[in-house]
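Numbers for residues simply follow the sequence, beginning at 1.
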Amino acid sequence: MGFETSDDAAVYKLDPERAVVQTVDYFTPVVDDPYTFGLIAAANALSDIYAMGAEPIFALNIIGFPVGKLPLKIMGEILRGGKDKAEEAGIPILGGHSIKDAELKYGLVVTGIVNPDKILTNRGAKPGDKLVLTKPLGIGIMTHAIKKDFLSPQLIELAVKTMTALNDKASKAAVEIGVNACTDVTGFGLLGHLNEMLEASGCGAVLELKRIPVLCGEVWELAEKGIVPGGGICNLDFLEGKIKWDEKISRSQKLVLSDPQTSGGLLISVADAKTERLIEKLNDFGTAAYVVGKVVKGKGIKVLG
Ligand code: CO
Ligand code: CO
Ligand code: CO
């Protein structure tokens, strides 16, 4: 599996029982603390392996560092964060590559393994499926507010807790129950990643605004005040014409639904009859689960007010 499917990772079949799954993800800091940044970058990179229903086996570091501008101990702290998160995922970091860079960047190449018959892709969604999300939205808006110093320490902690949470258990629950499609919600936001899933699957979806979970009420307020990252505005523009909005829905509410997530949750399309069992399993594993809408025949996304 390669570029054509907009899936989360590349898949290369070794033999009938095993396929290698590989992904790379890196970005500039979303928080000030270097150790925390390392944790977030690693959780985010691992997420694409989990979104494929695969198990990670090892990782490599990628780091671009402004040598001379920042003390080297910052690099050490970032790498320590990455190592600790990889350890939590049960994998070693076996190497990597660093370059001198004008802007700090960090991430990982993660290699995983999966039974080819059990891969979760984004193309199997079927009309009648329920759409289940495993982390609330608003991370992009909250990290944007952190950069502008608009967020209280408690809310920063909430955003960090969400971004550093692994999608391992959500993935395990989805694989055990057997779901039709799965992806993780990252840079393109809920609507962008849902749109990719629907286009790959050849169907449409109906979402309900009142069922959309956000990290805290402040997410709606910040969006209302225009504290939104540029990426969210691009995401919304990109989807122009593909979404039918209820006329009651405001632009700031639309921007929450297109908010880019760093290390967001999984978006799972599951048969209606299995939905309750999936939610129970996710909750048993200590993972949140929100039914945000359903898959329908046709094309595009309809959002009810
Ligand atoms: Co992804
Ligand atoms: Co990715
Ligand atoms: Co090298």
Side-chain angles (χ1 to χ4, degrees), residues 7-9 11 21 23 25 39-57 59 85-91 108 110 112-115 118-125 129-139 158-190 192-194 196-197 205 207 211-215 259-272 274-295:
D7 251 305
D8 296 290
V11 182
V21 181
T23 180
D25 244 300
L39 293 174
I40 294 169
N44 179 73
L46 279 154
S47 177
D48 280 328
I49 296 290
Y50 295 130
M52 302 299 291
E55 270 182 49
I57 49 179
K85 193 45 72 177
E87 249 165 43
E88 186 190 326
I91 63 161
L108 295 92
V110 189
I113 199 137
V114 71
N115 180 322
K118 292 189 176 149
I119 297 175
L120 302 179
T121 74
N122 65 4
R123 50 194 150 100
D129 281 4
K130 288 281 168 24
L131 292 165
V132 178
L133 185 65
T134 67
K135 284 186 189 178
L137 303 180
I139 291 168
L158 175 66
V160 165
K161 202 177 148 212
T162 307
M163 287 187 282
T164 55
L166 290 175
N167 284 328
D168 56 345
K169 305 221 174 56
S171 172
K172 194 166 173 244
V175 170
E176 282 182 18
I177 296 295
V179 303
N180 292 336
C182 180
T183 189
D184 58 347
V185 177
T186 52
F188 300 139
L190 171 65
H193 291 282
L194 174 60
E196 280 186 346
M197 182 187 277
L207 299 182
R211 286 173 169 270
I212 302 296
V214 289
L215 280 159
D259 187 43
Q261 306 299 285
T262 300
S263 191
L266 297 187
L267 173 66
I268 301 166
S269 188
V270 59
D272 187 31
K274 289 180 172 179
T275 305
E276 214 167 298
R277 276 200 291 140
L278 175 67
I279 290 169
E280 253 171 51
K281 183 140 280 200
L282 286 164
N283 292 339
D284 282 351
F285 287 164
T287 299
Y290 311 91
V291 177
V292 294
K294 63 179 179 196
V295 179

Check your understanding: Distance only, no hydrogens: is a donor on one side chain within 3.5 Å (strictly under) of an acceptor on the other, for Asn180 and Ser269?
Key -> no

Review point. Roughly how far, to the nearest 0.5 Å, is OG1 of Thr275 from CG of Asp129?
Key: 7.5 Å

Exercise for review: Could you tell me whether a side-chain N or O of Asn122 sits under 3.5 Å from a main-chain N or O of Met197, the two making a donor and an acceptor?
Suggested key: no

Review point. Counting only heavy atoms not in Glu176, do more than 12 fall under 6.0 Å of its CD?
Key: yes

Review point. What distance separates Ile119 CD1 from Asp7 CG, expressed to the nearest 0.5 Å?
Key: 8.5 Å

Review point. Lys294: what forms a salt bridge (Lys or Arg N to Asp or Glu O under 4.0 Å) with it, not counting sequence neighbours?
Key: none

Review point. Any donor-acceptor pair under 3.5 Å linking the side chain of Gln261 with the backbone of Gly138?
Key: yes

**Study point:** Test: Arg277 and Glu280 ion pair at under 4.0 Å
**Key:** no

Practice item. Identify the heavy atoms of Gly112 and Ile49 that sit nearest to each other, and give their distance. Key: N-CD1, 3.8 Å

Review point. About how many Å separate CG of Asp272 and NZ of Lys130, when rounded to the nearest 0.5 Å?
Key: 3.5 Å

Exercise for review: Would you name the heavy atoms of Ala45 and Thr23 that are closest together and state the gap between them?
Suggested key: O-CG2, 3.6 Å

Check your understanding: Side chain of Thr134, backbone of Leu266: donor and acceptor closer than 3.5 Å?
Key -> yes

**Study point:** Results of salt bridge (Lys or Arg N to Asp or Glu O under 4.0 Å) for Lys135 - residues two or more places apart only
**Key:** none

Exercise for review: Quick one: closest heavy-atom pair of Asp8 and Cys182, and the distance?
Suggested key: OD2-O, 4.1 Å

Point to revise | Contact list for residues 161-172, test side-chain hydrogen bond (donor to acceptor under 3.5 Å, both in side chains), sequence neighbours left out | key: Ser47-Asn167

Review point. Is there side-chain contact between Asp259 and Leu137, with heavy atoms separated by less than 4.5 Å?
Key: no

Review point. Checking Lys274 side chain against Gly178 main chain: does a donor-acceptor pair fall under 3.5 Å?
Key: yes

Check your understanding: Is the side chain of Arg211 donor-acceptor paired with the backbone N or O of Tyr290 at a distance under 3.5 Å, no angle test?
Key -> no

